[in-house]
Amino acid sequence: MSGERRVLDPSEEVGIYACGPTVYSRIHIGNARPFVVFSLLARFLKSEGYAARLAINVTDINDKIYTAAAERGIPSGELAREMTAAYFEDTGRLGLGRPDAEPLATDTIKPIVELISDLVESGNAYESGGDVYFSVRSFEGYGKLSHRPTETMEQGEGDDAGSLKRDPLDFALWKSHKEGEDTHWESPWGPGRPGWHIECSAMAEEVLGDLPFAIHGGGSDLVFPHHENEIAQSEAARGRPLAKVWMHNGMIETKAEKMSKSEGNIFQLSEALDRFGSEAVVAYLVSGHYRQPLAFGEEQLNEAVARVDRLRNFLRSNPPASAVADGGPLPPGNGPEAPGRGEGAHSGEAAHAVDRFRDALADDFNTPRAMSELFDFVRTANHEPVAGAGDAVVEMLWLVGLESLAEARQSGPDEGALGLLAEREQARADRNFDRADGLRDELAGLGWEVRDSAEGATLVPRNGG
RNA sequence: GGCGCCUUGGCGGAGUGGUUACGCAGCGGCCUGCAAAGCCGUGUACGCCGGUUCGACUCCGGCAGGCGCCUCCA
């Protein structure tokens with residue numbers, strides 16, 4: 001809120017609440033950024049010994065859901081369920097596990113109604129024609145997050161509801177049931193549904209407990225009015241701050257323009273995952289600092305693929321001793337027990353690299369700097385073997401959600417391929433290079449890339465597999 | 001107009017008052033039968049104009065350009 005960085009108190013639980021998507025369509029890369037950033041932040045904090053708990057909500061009640069459902073001619077609840085499932089599937093494919101809690105607005109109606117009631121009782125909200133509005137002028141600190149004077153603001157969620165407000169600044173906590181809306185809930189003010197902002201205030205304290213919690217996150221486009229309104233609601237109702245620290249991720253941009261559903265310049269997460277693979281998508285998202293805008297394009301994704309291939313190659317020649325390499329999929333959200341700072345079993349040089357990597361993350365979660373430490377170490381260890389290099393790299397990769405690079409994605413070569421490889425080795429020994437190259441091409445056709453080394457030839461799956 | 005942010009080499013993207021970020025691409029070389037992988041080397045990078053300073057890409061001021069929010073949006 002002050003724009004300054006803060007040091008977390010290690011003795012307290014670190015509750016993290018990040019605003020998730022509104023589920024009226026499939027999510028795009030931009031929506032994936034906060035999911036990745038805050039999932040990894042929670043992962044990092046846990047590995048540093050903090051009692052971190054991450055909540056990312058799903059907004060499944062919203063005007064846009066009604067509109068989108070009407071266009072498709074299906075019930076809004078059905079659309080919301082479908083898109084919620086798609087969201088879980090798409091983000092699940094990122095391989096980062098799930099947040100500790102993922103509350104739905106539709107499951108939080110009771111706490112929402114209670115919170116609104118508290119605000120009405122305290123005089124910070126009023127009922128008007130079946131709607132309930134938050135009285136912005138009743139809350140002194142309004143505008144402190146986004147640094148705006150109240151005189152310059154006017155908000156109306158949409159359109160015609162303005163006439164029911166006492167003040168144009170006010171925003172809706174509860175909206176009465178309207179014609180054409182196929183879902184509604186009971187409340188002391190009649191049937192209706194919650195406004196957009198109140199759900200987050202209610203869900204956050206439901207899931208994270210007493211205010212304030214440690215970190216509130218979300219996209220920078222939510223600073224005003226969404227987060228400003230959350231602060232107003234929660235602080236007015238509880239007399240305590242909502243969150244201690246606010247972390248806002250920058251926007252993904254195409255051609256220097258924010259990617260957004262309303263701009264129509266979106267690139268769906270599922271398509272990116274299909275075309276470039278989950279590791280490349282994650283590697284792309286950690287390539288910039290979370291606060292800054294990040295340029296998006298196919299070139300950027302292709303670069304991420306190249307980076308990820310480089311790391312995979314390193315792990316092939318520096319296999320980690322830990323179980324990650326030969327084990328199956330990691331337990332969701334957990335992964336290996338990453339050793340804390342300085343506790344690693346690796347040698348000095350490798351341990352120092354991990355420390356520098358962790359230091360970068362500890363400094364306002366600077367993932368690009370952390371990645372530069374990783375690549376620095378990879379180059380060094382490629383130049384001259386370093387003891388424990390594989391384990392160190394896996395630990396670093398785990399911290400940014402890329403530990404799957406240590407797994408063999410495909411089964412090993414079959415006997416046919418190995419036979420061809422043996423034939424090629426024989427041909428080379430006979431200095432019959434035309435024959436050897438022909439066999440290499442044949443293997444390429446089967447999806448194998450031949451790599452010769454001093455220890456002999458090996459087969460590696462093509463296309464990064 | 002108000003609030004906030006940004007401008008780094010071909011591209012992406014960190015960072016610091018005085019040493020190479022890092023990655024991708026390019027070029028030259030090493031290794032190799034040839035490749036691949038890897039390694040080494042390489043490109044007067046910090047929008048413009050002033051100021052502070054022994055010294056600024058890094059601090060201050062101004063200018064130009066760009067972006068986000070101010071209506072739903074990660």
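What's counted below: heavy atoms across the whole structure, side chains too, no hydrogens, waters or symmetry copies. Letters A, B, ... mirror the listed sequences (proteins, then strands); counts begin at 1.
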Taking B/A35 as the reference, what is the distance to B/U20 when you measure between their C1' atoms (whole Å, please)?
31 Å
Just to be sure I understand the rule, does A/Gly218 reach a base, reach only the sugar-phosphate, or reach nothing, if contact means heavy atoms closer than 4.0 Å?
sugar-phosphate
Tested for side-chain contact (heavy atoms from CB on, under 4.5 Å) against A/Thr22, the lone hit among A/Ile27, A/Asn62, A/Val58 is A/Asn62
Worked verdict on A/Ser220 versus A/Arg291 for side-chain hydrogen bond (donor to acceptor under 3.5 Å, both in side chains)
CA-CA 8 Å; A/Ser220 60; A/Arg291 271 193 279 111; over 6 Å; no
In the strands shown, is B/A35 matched to any nucleotide by a Watson-Crick or G-U wobble pair with both distances under 3.5 Å, and which?
none
If the C1' atom of B/C54 is compared with that of B/C49, how far apart are they to the nearest Å?
23 Å
Could you state the atom-to-atom distance from CG of A/Asp309 to P of B/G23 in whole Å?
15 Å
Taking the same atom, C1', in B/G9 and in B/C67, what whole-Å distance lies between them?
23 Å
Categorize A/Asp376 for me: base, sugar-phosphate, or nothing, with a 4.0 angstrom heavy-atom threshold over every strand shown.
sugar-phosphate
How do A/Arg431 and A/Glu257 order along RNA chain B: which one's closest nucleotide is nearer the 5' end?
A/Arg431
Using the C1' atom as the point on both nucleotides, what is the distance between B/G17 and B/C11, in whole Å?
29 Å
Of the listed nucleotides (B/C69, B/G23, B/A74), which one gets closest to any side-chain atom of A/Phe224?
B/C69
Indicate whether OP1 or OP2 belonging to B/G38 is found under 4.0 Å from a side-chain N or O atom of A/Asn382.
no
Assess the pair A/His227 and A/His248: is the distance between their ring centroids shorter than 6.0 Å?
yes
Which residues share a side-chain hydrogen bond (donor to acceptor under 3.5 Å, both in side chains) with A/Asn57, sequence neighbours left out:
A/Tyr17, A/Thr59, A/Glu199
Salt bridge (charged side-chain N to carboxylate O under 4.0 Å, His left out) between A/Asp63 and A/Lys175, worked out
CA-CA 11 Å; A/Asp63 289 334; A/Lys175 299 178 175 184; 3.5 Å; yes
C1' gap between B/A14 and B/C22, integer Å
7 Å
Once you apply a heavy-atom cut-off of 4.0 Å, does A/Arg435 come out as touching a base, just sugar-phosphate, or nothing?
nothing
Treating A/Asn302 as the side-chain partner and A/Glu298 as the backbone partner, does any N or O pair qualify as donor plus acceptor under 3.5 Å?
yes
N/O (side chain, A/Lys258) to phosphate O (OP1/OP2, B/C69) under 4.0 Å
yes
Does a nitrogen or oxygen in the side chain of A/Arg440 sit under 4.0 Å from OP1 or OP2 of B/A35?
no
Contact class for A/Val450 vs. all strands (heavy atom < 4.0 Å): base, sugar-phosphate, or nothing?
base
Value in whole Å for how far the P atom of B/A35 lies from CG of A/Leu443:
19 Å
Touch class at under 4.0 angstrom, heavy-atom based, for A/Ser453 against every strand present
nothing
Salt-bridge test for A/Glu235 and A/Lys144: reply yes if a basic N is under 4.0 Å from a carboxylate O, no otherwise.
yes
So that I know where these two stand, are A/Phe296 and A/Phe267 an aromatic pair - ring centroids less than 6.0 Å apart?
yes
Please confirm whether the shortest side-chain N or O distance from A/Ser220 to OP1 or OP2 of B/A74 is below 4.0 Å.
no
Can you identify which nucleotide, out of B/G23, B/A74, B/C72, has its nearest atom closest to the A/Phe375 side chain?
B/G23
With a 4.5 Å heavy-atom cut-off, do A/Met371 and A/Leu402 have their side chains touching?
yes
Where the side chain of A/Asp437 is defined as all heavy atoms beyond and including C-beta, which of B/G33, B/C39, B/A74 is the nearest nucleotide?
B/G33
Between B/A74 (P) and A/Leu285 (CG): distance, integer Å:
15 Å
Could you check whether the side chain of A/Arg310 and the base of B/A37 have a donor-acceptor pair of N or O atoms closer than 3.5 Å, going by distance alone?
no
Could you state the CG-P distance from A/Asn302 to B/G23, rounded to the nearest angstrom?
18 Å
In whole angstroms, how far is the P atom of B/C11 from the CD atom of A/Glu253?
16 Å
Using the 3.5 Å cut-off, write out each protein N or O paired with an N or O of nucleotides 25-32 of chain B and the distance between them.
none

Which residue, A/Phe314 or A/Arg307, contacts RNA chain B at a nucleotide closer to its 5' end, judged by nearest heavy atom?
A/Arg307
Among A/Asp60, A/Ile56, A/Leu269, find the residue that satisfies the side-chain contact (heavy atoms from CB on, under 4.5 Å) test when tested with A/Tyr87.
A/Ile56
With a 3.5 Å cut-off and just heavy-atom distances, do the side chain of A/Glu303 and the base of B/G12 make a donor-acceptor pair?
no
Paired to B/G28 by Watson-Crick or G-U wobble criteria (both distances under 3.5 Å) is B/C40
Which of these nucleotides, B/C39, B/A74, B/C34, is closest to any side-chain atom of A/His383?
B/C39
Which base, if any, makes a Watson-Crick or G-U wobble pair with B/U58, both distances under 3.5 Å?
none
Across the strands shown, which category fits A/Gly250 at heavy-atom distances under 4.0 angstrom: base, sugar-phosphate, nothing?
base
Please give the distance between the P atoms of B/C34 and B/G29 as a whole number of Å.
14 Å
Rounding to an integer number of angstrom, what distance separates B/G51 and B/U16 when you compare their P atoms?
26 Å
Atom-to-atom span, CD1 of A/Ile252 to P of B/C5 - whole angstrom:
20 Å
Counterpart base for B/G1, defined by Watson-Crick or G-U wobble contacts under 3.5 Å
B/C70
Closest approach of A/Gly30 and A/Pro34, non-hydrogen atoms and distance?
O-CD, 3.3 Å
Using the P atom as the point on both nucleotides, what is the distance between B/G65 and B/C48, in whole Å?
15 Å
Between A/Arg312 and A/Asp309, does at least one N-O distance fall below 4.0 Å, as a salt bridge requires?
yes
Length of the CZ-C1' vector between A/Arg356 and B/A21, whole Å
12 Å
Quick test of your reading of the model: are A/Asp170 and A/Arg137 salt-bridged, counting only N-O distances below 4.0 Å?
no
For B/A64, the Watson-Crick or wobble counterpart (both distances under 3.5 Å)
B/U7
Between protein and nucleotides 13-19 of chain B, map the contacts as a letter string: B base, S sugar-phosphate only, - none, heavy atoms under 4.0 Å, written 5' to 3'.
SSS----
Calculate the interatomic distance between A/Arg379 atom CZ and B/G41 atom C1'; express it in whole Å.
12 Å
